[in-house]
Amino acid sequence: MHYLHVFALSLSASLFAEASLPLVINTWPFQDATAAAWSALQRGESVLDAVETGCATCEREQCDGSVGYGGSPDETGETTLDAMIMNGDSMEVGAVADLRRVKNAISVARAVMEHTTHTLLVGEMGKNVSPDPRTSCGPYKPSVEVKRMDEQNHTRLDVHSHDTIGMVVIGRNRSVAAGTSTNGARHKVPGRVGDSPIAGAGSYADSTVGGAAATGDGDVMMRFLPSFLAVELMRRGIDPASACKAALTRIKTYYPGFFGAVICANIQGEYGAACNRVPGFSQFSYMVSTPLTNNPLLKKVDCF
Ligand code: GLY
């Protein structure tokens, strides 16, 4: 990129948002999660601790029923959780998907990161296919019942199911951590995993640049790694709001009607968000906490 262009972008970025660190930003008006992450930072805990505490708050409180236990049952009526956490200093990631009978998925994700050599662990799979995987090796096909659900294009994620907490925390020392937690799509086929536990899709953190996190229709969004793309665009000097928008524009080219939003923040303390305008979704709410806001601040962005 031409130096003058980078300079112009940086200038517009510095004019764009009041910048201050540390910073907590998360999707949707999940204020208690923001406050919990902010308190963790005030107690001197790490950015990873803040992300874990913030997302765990949402899991405990079942934020809008779209995070944590009991919400978004799959076709068999069971809730499964997806979560990830990323350390932007070391680029380590821990993630879990299809997790059952555990409330704090984000903490399990962190345990995967810190106590295993793996990145993503998943729970039970393979139900609702024929032949029955308990008695046959396959090949498997979706059962008739599952096919019918697909053919009806059953609503699984929409603007009323807020869908995911995605959080980025940037410390005063510019360390970045990001995380997500969700109970996924309603009436999903058992075994379905969305974007939330996928690094670069659900969220991404790089302490040399910043972080991003996504919410929305994970089946579509995970194909484009919007959180990774947004961080890479910020690396080139693009301001957070424009980076979020560009990451969604890539998806919109192929799926104009997808439901989704992205939050972005850089290590200068600038932040922004973007959302794809679809019927019933013209504005996206997110939360921010910085030394300038005092309390968690509700922000809104008009979708494009
Ligand atoms: N964005 C959450 C999901 O699609 O599972």
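Whatever order the structure lists ligands and atoms in, that order sets their numbers, starting from 1. Residue numbers run from 1 in the order of the sequence given. Note that these values count all heavy atoms, side chains included, but never hydrogens, waters or copies made by symmetry.
Taking the six-membered ring for Trp and the full ring otherwise, Y254 and F224 have centroids separated by under 6.0 Å.
Among the atoms of D219, none of the N or O lies under 3.5 angstrom from an N or O of ligand 1. In terms of N/O distances under 3.5 Å, ligand 1 is not approached by D217. At a 3.5 angstrom cut-off on N or O pairs, R192 counts as close to ligand 1. Residue G184 has no N or O atom closer than 3.5 Å to an N or O atom of ligand 1. For ligand 1, none of its N or O atoms has an N or O atom of A185 under 3.5 Å away. Considering backbone and side-chain N/O atoms, D163 comes within less than 3.5 Å of an N/O atom of ligand 1.
The pair R236-E232 does not count as a salt bridge, with every side-chain nitrogen at least 4.0 angstrom from each carboxylate oxygen. Contact check on E78 versus R101 returns a salt bridge, with a Lys/Arg side-chain nitrogen under 4.0 Å from an Asp/Glu carboxylate oxygen.
Set against the non-hydrogen atoms of G194, the atoms of ligand 1 under 4.0 Å away are 5 (O). Interface atoms of ligand 1 facing G216, defined by a heavy-atom separation under 4.0 Å, are 1 (N), 2 (C), 3 (C), 4 (O).
Within the model, atoms SG of C264 and CD1 of I238 stand 10.5 Å from one another, a figure rounded to the nearest 0.5 Å.
Counted by atom type alone, D64 and S66 present zero donor-acceptor pairs between their side chains at under 3.5 Å.
At least one heavy atom of T164 lies less than 4.0 angstrom from ligand 1.
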